[in-house]
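Sharing a structure here in C-alpha cells format.
So that the names make sense, note that chain A is the first sequence line, chain B the second, and so on, each numbered from 1. Side chains are part of it too, since the values below use all heavy atoms of this structure and drop only hydrogens, waters and symmetry mates.
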Amino acid sequence: MPPLEAWQKVLVDATKYVESDPHAKVANCIQCHGGQGDTEDMAEAHDGVITDPTSTQEQVEKICGTCHAEVVKAQLTSLHFDSHGYETIIGARLGDSPESHAAWEEARVNHCSSCHTTCGQCHVSQPTSVGGGLISGHQFKSVQAFTRTCTGCHGSRINAEYTGQNEGIPADVHWTKAGMACFKCHTGDALHGITGEKTERYDGAPMPACLDCHPDSAAGKGEIAQHNVHGEKLACQVCHSVDNKNCYSCHVQKNDEGEAFYKIEPAVMDFKIGLNPKKSDERPWNYVVLRHAPIDPENFAFYGEDILTNFDALPTWKYATPHNIQRVTPQNETCDSCHGNADIFLSEADLRPYEVEANKDVIPAQLPPKMGQ
Amino acid sequence: MSPTSRSWVRAVAVLGVLLSGLLILAACGGGAAPAPTAVAQAPATEAAAAPTNTSAPPTTAPTDTAVPPTATLAPTETAEPTATATEAPTALAIADATNCVTCHTSEETLQQLAKEEAPAETLSEGEG
C-alpha cells in the first residue's frame, strides 16, 4: 500500500469528482460528511465531520441505500461489513462462559472491529486500517485498484503470496501469466454477500471454484491422468500451491494509556497437507492444504483468564486456499513426493503441546502408500 | 250488463276505495308514520338486544360510523404540519458546501493545512 501524505489523503479532484462524478450531483459534501458550510474557519468547518459516512448500518442505508438498495441490503450482512467471521471462529472456541464472551466482546471492539470494510473503503478510499486516504480524488469507482483496497487488509499473507513477495517462493500463476486482479475471481456479488450469507470465509460452496474456469480439470473431464486418478480426493491446492505463511498467535492488549496493540510472533513459511476439516458435498475432498491460524490459548489473556475455554473446538491448522498457485510444484513432480512422504503431511510432531487435541481430526491416520515412482 | 262492463265497474270501485284510503291517511299524517315507527323500534331493539349482542350492533353501527367521517375532516388538516416538517431537513441537507470544495480541491491549501493524525497501534509487533 503506497504511503500517502496527509494532504494527499483528503485531496478531492475537481474534474474527476466535483464536475463529473454522478455522486457529486446528488449530494454535496455536507450531506454525506456533515460539518459546517457557513464558515471559513477550518476547525469550525470540520465540527461534526464524519470521515467515512458509510461506516454504520444507518448511514449506509440512508446514503447508499437510496440508489443501491439491493447491494446495501446484502452488504450489511456480509463478512466484509462487520467481520462476523471472527465471531463464528473465535466464538466456537469461547465455550459457554458468559465471562469469556464478555471478555471477547471487549477485545473484539478494541482490536478487531476496525477491520470491517465499508462502502467507502472499497469504492472511494484506502481502508482505514492502513491509514485511509482518497484513491482517485474521491471519484467513486465500482472497481478500484486492488493494490489500494483489497491488499490493504489482505496484504501480509494473500498479497505477499499472490504477488511473490515471499523470498524464494514464486508468485501465483494467475498473477504472473495473466495479471489477474482479485476481482477477476472474487466477483462483486460474492464480495457484497449477494450470493448468500456466510458464517465465515469457507462457509458453503467454494467461491470462486477452480473448476469454474478450469472445467476440464474435473475428474473424468480431461486428459490429465493425475486429475482423473485423484478425482475428488484432493483439493486443487494440494497439488498446485506451495509454501505459505503460517502465524501462531496474535496477543492483543492495551497499554496504560488505553492504546490497543498486538504482538504476533514471526510467521513460518510451510506447506502441510491434512484431512479436510470442512468436508461436505460442496467441499468433498479428503485432503486439503492446512494453514496455521494466528491463535493460541493466550491470545486474549489480557482480557481475562481462560477465555478460550473451548479451544479444541476447531483445529488450529485450518482449511486454507493459499494464493500461490503453480502448474508445477514440488509435490506434483512425482507420485512419491506425496505418497509415503510423511514430511508433507501434518503430523503430531508439527504441533505444540496445547494444540494436539484441537488438530486430532486433521492429522491423517495413515499416509498414502509409496508408489516407487 | 255484460261481464266486461261488470269488471270495469269493479276495478273502478276498488281504485276509488284505495284512493280514498290514501287521502285519509295523508290527511292524518300517515305518510310519516312508518319512519317514526322504525326509529322508535331501533332504540327498543337496541336496549332489548344488548345482552345478547346480536341485533344491536347492526342497528348502532351505522349510527356510529356516521359520525367519524365528519370527524376525519380535522386529521386531514394535519397534513400541513407534515409538509412543513419535511421542509426543514431538506433545507438543512442542502447547506452550502462551496467552502469544502474550495479547500479540498486545492493542493496548495491542503499542503499547508493538512496534518497527519498520530498513527494508531504503534506498539504492535509482527505482521498484521
(message) Please identify, among E265(A), E5(A), K9(A), the residue contributing the most non-hydrogen atom pairs under 4.5 Å to chain B.
(response) K9(A)

(message) Strictly distance-based, threshold 3.5 Å: is any side-chain N or O of D38(A) a donor or acceptor partner for the main-chain N or O of D96(B)?
(response) no

(request) Inspect the surroundings of OH in Y248(A) and state if more than 12 heavy atoms from other residues, nucleotides or ligands are less than 6.0 Å away. (result) yes

(request) Against chain B, label K254(A) side chain, backbone, both or neither, depending on which of its atoms sit under 4.5 Å from a heavy atom there. (result) neither

(message) Does any backbone or side-chain atom of T39(A) lie under 4.5 Å from a heavy atom of chain B? Answer side chain, backbone, both or neither.
(response) backbone

(request) Select, from E107(B), K115(B), Q112(B), the one with the greatest count of heavy-atom pairs under 4.5 Å involving chain A. (result) E107(B)

(request) Identify which part of L134(A) has an atom lying under 4.5 Å from any heavy atom of chain B, answering side chain, backbone, both or neither. (result) neither

(message) Need one label for H138(A): side chain, backbone, both or neither, based on atoms under 4.5 Å from any heavy atom in chain B.
(response) neither

(request) Give me the one residue out of L11(A), D13(A), V12(A) that meets side chain to side chain contact (heavy atoms under 4.5 Å, CB included) with H104(B). (result) V12(A)

(request) Please round to the nearest 0.5 Å and tell me the distance separating atom CG of L123(B) and atom CD of E259(A). (result) 4.5 Å

(message) Does any backbone or side-chain atom of A14(A) lie under 4.5 Å from a heavy atom of chain B? Answer side chain, backbone, both or neither.
(response) both

(message) For V10(A), which atoms come within 4.5 Å of any heavy atom of chain B: side chain, backbone, both, or neither?
(response) both

(message) Working to the nearest 0.5 angstrom, can you tell me the gap between E125(B) CD and H251(A) NE2?
(response) 12.0 Å

(request) Mind listing the closest non-hydrogen atom pair of N28(A) and A95(B) along with its distance? (result) ND2-O, 2.7 Å

(request) Check for a donor-acceptor pair, side chain of S124(B) on one end and backbone N or O of F261(A) on the other, with a separation under 3.5 Å. (result) no

(request) Any chance you could measure C100(B), atom SG, to Q36(A), atom CD, to the nearest 0.5 Å? (result) 9.5 Å

(message) Quick check on T102(B) against chain A: is it the side chain, the backbone, both or neither that has a heavy atom closer than 4.5 Å?
(response) neither

(request) For E108(B), look at atom CD and say whether over 12 heavy atoms of other residues, nucleotides or ligands are found less than 6.0 Å away. (result) no

(message) Measuring from atom OG1 of T98(B) to atom CD of E40(A), what distance do you get when rounded to the nearest 0.5 angstrom?
(response) 10.5 Å

